[in-house]
Participant: 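If you scroll down you'll find the structure; I have some questions about it.
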Amino acid sequence: IMYNLLNYVFNFFFITLFLFLANSCAYYKIIELEKNETQEINVYNFLGKEYKDFARFELYDMHDEIDANYFAYKGLMAVKEKKIFPENPSQWNIPTNKLEAVKKRFNQINLLLEEKKHLKYPEVFSKMLLGYDCWVEQLEENWQLEDIERCKNKFITNYNKIISLDKESVKIQKNVKKDIK
């Protein structure tokens with residue numbers, strides 16, 4: 001009986017310690033993101049704010065320390081290392097019936113990155129990318145249907161804004177070229 005009691009206490013202690021450390025990591029990364037906020041307008045700072053807000057939501061509202069920690073880290077990578085990338089759906093456990101649609105969107109985002117649209121439309125791009133990453137994360141959990149739709153809609157709305165803004169930009173450039181001739 002004493003062995004079982006000690007084993008139980010020992011296991012409880014390590015599980016509690018693990019949860020405390022995981023929670024602490026996310027918390028401190030979020031604090032670090034808050035310290036890095038500047039007034040400079042660029043995609044990296046916009047994205048850092050988006051990831052910080054999402055990490056706070058995951059930590060404080062959803063009590064998901066692991067995802068909060070990951071997205072706070074991803075925000076720090078954007079702010080400090082200037083690294084931006086969408087989540088690869090093949091690396092997440094997404095339901096099979098949703099995977100092809102998410103892969104299509106993953107490819108669309110990568111095309112926007114190749115075309116440097118993140119530099120041209122930094123704020124809208126940041127919202128779009130966070131919407132996508134949130135959508136992927138929520139699809140993997142696959143139980144918060146309202147959150148899945150909210151994230152997907154954030155992605156689609158901002159993706160469509162980029163496409164619309166880019167079409168306007170092309171029209172303006174064509175008109176300027178006509179006026180110059």
Participant: Under the rule for ring pair (Phe, Tyr, Trp, His ring centres under 6.0 Å), what residues qualify as partners of Y70, not counting sequence neighbours?
Facilitator: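 Partners of Y70 by the ring pair (Phe, Tyr, Trp, His ring centres under 6.0 Å) criterion come out as none, since no residue qualifies.
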
Participant: For a 4.5 angstrom cut-off between non-hydrogen side-chain atoms, does E141 reach D64?
Facilitator: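 They are in contact (side-chain heavy atoms under 4.5 Å apart), so the answer is yes.
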
Participant: For K103 and E100, what are the C-alpha separation, side-chain angles and deciding distance, and is it a side-chain contact (heavy atoms from CB on, under 4.5 Å)?
Facilitator: CA-CA 5 Å; K103 282 182 178 179; E100 283 308 310; 4.0 Å; yes

Participant: Are any of the side-chain nitrogens in E168 or K161 under 4.0 Å away from the carboxylate oxygens of its partner?
Facilitator: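 Looking at K161 together with E168, the answer is no, because their closest N to O distance does not fall below 4.0 Å.
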
Participant: Is the closest side-chain heavy-atom distance between N158 and Y121 below 4.5 Å?
Facilitator: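 A side-chain contact under 4.5 Å is absent here.
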
Participant: Going from CG on N45 to OG on S126, what distance comes out if it is rounded to the nearest 0.5 angstrom?
Facilitator: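 Rounded to the nearest 0.5 Å, the CG-OG separation comes out at 9.0 Å.
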
Participant: Near K82 NZ, under 6.0 Å, is it more than 12 heavy atoms from other residues, nucleotides or ligands?
Facilitator: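 Above 12, so yes.
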
Participant: Within the structure provided, determine whether F54 and D67 are in side-chain contact (heavy-atom separation under 4.5 Å).
Facilitator: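 No; the side chains remain at least 4.5 Å from each other.
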
Participant: Is the NZ or CZ atom of R105 both under 6.0 Å from the centre of the six-membered ring of F155 and within 45° of that ring's axis?
Facilitator: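 No, R105 and F155 do not form such a contact.
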
Participant: Show your reasoning for whether side-chain contact (heavy atoms from CB on, under 4.5 Å) applies to I41 and F46.
Facilitator: CA-CA 7 Å; I41 297 175; F46 282 129; 3.6 Å; yes

Participant: If I take atom CG from residue L47 and atom CE from residue M77, how far apart are they, to the nearest 0.5 angstrom?
Facilitator: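 These two atoms lie 10.0 Å from each other.
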
Participant: Using side-chain heavy atoms (C-beta onward) and a distance below 4.5 Å, is K117 in contact with L111?
Facilitator: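 Result no, sub-4.5 Å side-chain heavy-atom pair not found.
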
Participant: Is any side-chain heavy atom of L139 less than 4.5 Å from a side-chain heavy atom of K152?
Facilitator: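 A side-chain contact is absent here, since even the closest heavy-atom pair is not under 4.5 Å.
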
Participant: To the nearest 0.5 Å, what is the distance between CD on Q138 and CD on E58?
Facilitator: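 Between atom CD of Q138 and atom CD of E58 there are 5.5 Å.
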
Participant: Can you tell me how far the CD1 atom of I109 sits from the NZ atom of K104, to the nearest 0.5 Å?
Facilitator: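 I109 CD1 to K104 NZ: 12.5 Å, rounded to 0.5 Å.
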
Participant: Is it true that atom CZ of F57 has more than 12 heavy atoms of other residues, nucleotides or ligands lying nearer than 6.0 Å?
Facilitator: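 Yes, CZ of F57 has more than 12 neighbouring heavy atoms, counting only those of other groups under 6.0 Å.
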
Participant: Would you call I148 and N142 a side-chain contact if the rule is heavy atoms closer than 4.5 Å?
Facilitator: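 They are in contact (side-chain heavy atoms under 4.5 Å apart), so the answer is yes.
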
Participant: Atom CG of L119 and atom CG of L112: how far apart are they, to the nearest 0.5 Å?
Facilitator: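 Here the interatomic distance stands at 11.5 Å.
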
Participant: Where the side chain of D166 meets the backbone of I162, is there a donor-acceptor pair that is under 3.5 Å apart?
Facilitator: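 Here the side-chain-to-backbone pair does not exist.
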
Participant: Under 4.5 Å between any side-chain heavy atoms of K116 and H118, yes or no?
Facilitator: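 Side chain of K116 against side chain of H118, heavy atoms only: contact under 4.5 Å found.
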
Participant: Could you report the tightest heavy-atom contact between F71 and A55, atom names first, then the distance?
Facilitator: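 Between these two residues, the closest heavy atoms are C-CB, 4.3 Å.
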
Participant: Within a radius of less than 6.0 Å around CD of E146, do more than 12 heavy atoms belonging to other residues, nucleotides or ligands occur?
Facilitator: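 Open: at most 12 neighbouring heavy atoms sit under 6.0 Å from CD of E146.
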
Participant: Quick one: does N42's side chain get under 4.5 Å of P122's, heavy atoms only?
Facilitator: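 They are not in contact (no side-chain heavy atoms under 4.5 Å apart), so the answer is no.
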
Participant: Under 3.5 Å, which donor-acceptor pairs do the side chains of residues 129-136 form with other protein atoms, sequence neighbours left out?
Facilitator:
unit_1: Y132; atom_1: OH; unit_2: E87; atom_2: O; d: 2.8
unit_1: D133; atom_1: OD1; unit_2: E87; atom_2: N; d: 3.0
unit_1: D133; atom_1: OD2; unit_2: Y51; atom_2: OH; d: 2.4
unit_1: D133; atom_1: OD2; unit_2: K74; atom_2: NZ; d: 2.6

Participant: Is a donor on one side and an acceptor on the other found under 3.5 Å between the side chain of T157 and the backbone of N153?
Facilitator: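 Present.
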
Participant: Which residues pass the salt bridge (Lys or Arg N to Asp or Glu O under 4.0 Å) test with R56, sequence neighbours left out?
Facilitator: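 Testing R56 for salt bridge (Lys or Arg N to Asp or Glu O under 4.0 Å), a comparison that skips the adjacent residues, returns E34.
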
Participant: Drop me the distance from N107's CG to E114's CD, to the nearest 0.5 angstrom.
Facilitator: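 Nearest 0.5 Å value for the CG-CD distance: 9.5 Å.
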
